Amino acid sequence: MTDSLKALIEACRNGEANYQDLVDRVPYARFLGIELLVQGEELTFILPRNENNIGNPTLPALHGGAVAGFMEQAAIIFILLEMGEPKVPKTIDFTIDYLRAGLFRDTFADCRITRLGRRIANVHISAWQKRREEPITIARAHFLLSEANN
């Protein structure tokens with residue numbers, strides 16, 4: 001499986017495979033229905049409007065856990081593509097700031113790696129609905145890329 005995942009990552013990076021094929025290999029990303037929009041070298045993750053992700057039906061607003069899960073999965077997939085390695089990063093910690101209600105509509109996210117070392121990656125994730133400049137949430141995450149003995 002590792003060789004096929006590495007081949008898929010490489011094919012995505014070379015433009016020979018659809019990035020969505022990689023997203024769909026991640027079970028929780030597939031469950032949430034995460035999509036990936038690729039424009040040049042820019043990746044935008046999309047959490048499509050889905051009734052299963054509603055937390056407050058009165059507003060209606062997205063469940064905070066669905067938004068956080070979306071952002072964490074986006075960061076993991078982003079790291080996989082940046083590293084080009086088939087080892088799935090393990091979350092060390094994930095800190096999220098909810099800035100405004102996530103309404104029942106499509107939600108978008110982008111990731112920026114602030115540090116990519118041999119063992120640890122730090123990622124900043126921003127999610128928005130109307131305009132990128134008005135995020136509904138921002139998050140910082142740290143991921144373990146490899147064990148000390150590797």
Side-chain angles (χ1 to χ4, degrees), residues 1-114 116 121-145:
M1 178 166 144
T2 315
D3 290 337
S4 65
L5 181 57
K6 185 170 185 161
L8 177 57
I9 291 168
E10 195 61 35
C12 288
R13 293 172 80 194
N14 292 333
E16 299 164 357
N18 188 332
Y19 282 83
Q20 192 63 43
D21 294 339
L22 177 61
V23 174
D24 292 341
R25 291 277 302 263
V26 181
Y28 191 53
R30 188 174 56 242
F31 172 77
L32 288 173
I34 295 174
E35 298 172 3
L36 186 53
L37 175 65
V38 181
Q39 296 173 301
E41 292 193 15
E42 184 176 302
L43 304 177
T44 302
F45 294 86
I46 304 167
L47 178 65
R49 174 184 157 136
N50 182 338
E51 289 189 14
N52 292 333
N53 295 333
I54 293 178
N56 182 342
T58 307
L59 290 177
L62 296 175
H63 190 285
V67 174
F70 163 59
M71 294 174 78
E72 182 180 21
Q73 292 301 302
I76 289 170
I77 294 165
F78 189 78
I79 291 170
L80 277 170
L81 288 166
E82 285 294 307
M83 289 181 5
E85 292 296 321
K87 286 192 79 168
V88 177
K90 296 178 185 170
T91 305
I92 296 171
D93 68 81
F94 186 86
T95 304
I96 188 166
D97 295 325
Y98 295 95
L99 306 174
R100 53 186 55 86
L103 301 177
F104 185 50
R105 59 175 61 146
D106 289 354
T107 304
F108 308 92
D110 62 10
C111 303
R112 185 181 78 244
I113 293 179
T114 53
L116 181 60
N122 300 344
V123 183
H124 176 271
I125 310 106
S126 179
W128 70 93
Q129 292 183 320
K130 292 182 191 176
R131 293 194 313 255
R132 187 182 302 253
E133 298 78 29
E134 293 181 10
I136 61 168
T137 58
I138 56 173
R140 291 156 309 284
H142 302 98
F143 295 93
L144 179 64
L145 304 176

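Owing to the predicted nature of the structure, the values given are computational and were not obtained by experimental measurement.
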Requested in this report: Using a 4.5 Å cut-off on heavy atoms from C-beta on, say whether the side chain of D106 contacts that of F108.
Outcome: yes

Mind checking the [atom1]-[atom2] spacing from [X] to [Y]? Nearest 0.5 Å is all I need.
X: L116; Y: E82; atom1: CG; atom2: CD; result: 7.5 Å
X: E42; Y: D110; atom1: CD; atom2: CG; result: 7.0 Å
X: L8; Y: D21; atom1: CG; atom2: CG; result: 6.0 Å
X: I34; Y: F45; atom1: CD1; atom2: CZ; result: 8.0 Å
X: L62; Y: F104; atom1: CG; atom2: CZ; result: 8.0 Å
X: L43; Y: F78; atom1: CG; atom2: CZ; result: 6.0 Å

Testing the basics here: between [X] and [Y], what is the closest heavy-atom pair and its distance to 0.1 Å?
X: Q20; Y: L36; result: OE1-N, 3.0 Å
X: M83; Y: L145; result: SD-CD2, 3.5 Å
X: Y98; Y: A68; result: OH-CB, 3.8 Å
X: N53; Y: P48; result: ND2-O, 4.3 Å
X: C12; Y: L22; result: SG-CB, 4.2 Å
X: G65; Y: Y28; result: O-OH, 4.4 Å

Main chain of [Y], side chain of [X]: is a donor-acceptor contact present, judged purely on distance under 3.5 Å?
X: R30; Y: D24; value: yes
X: Q129; Y: L103; value: yes
X: T114; Y: N122; value: yes
X: R100; Y: P135; value: yes

Check this for me: [X], atom [atom1], are more than 12 non-hydrogen atoms of other residues, nucleotides or ligands nearer than 6.0 Å?
X: E51; atom1: CD; answer: no
X: F31; atom1: CZ; answer: no
X: H63; atom1: NE2; answer: no

Report task. Could you please spell out the steps behind the side chain to side chain contact (heavy atoms under 4.5 Å, CB included) verdict for L80 and R25? Result -> CA-CA 12 Å; L80 277 170; R25 291 277 302 263; over 6 Å; no

Report task. Take R140 and D97 through the salt bridge (charged side-chain N to carboxylate O under 4.0 Å, His left out) test and state the conclusion after the steps. Result -> CA-CA 9 Å; R140 291 156 309 284; D97 295 325; 3.4 Å; yes

**Report entry** Derivation and outcome, side chain to side chain contact (heavy atoms under 4.5 Å, CB included), residues F94 and I125
**Finding:** CA-CA 10 Å; F94 186 86; I125 310 106; 4.1 Å; yes

**Report entry** side chain to side chain contact (heavy atoms under 4.5 Å, CB included) partner of I76, chosen from V123, V26, L81, T91
**Finding:**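 Considering V123, V26, L81, T91, a side chain to side chain contact (heavy atoms under 4.5 Å, CB included) with I76 is found only for T91.
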
Report task. Go through the steps to decide whether I113 and F143 satisfy the test side chain to side chain contact (heavy atoms under 4.5 Å, CB included), and finish with yes or no. Result -> CA-CA 11 Å; I113 293 179; F143 295 93; over 6 Å; no

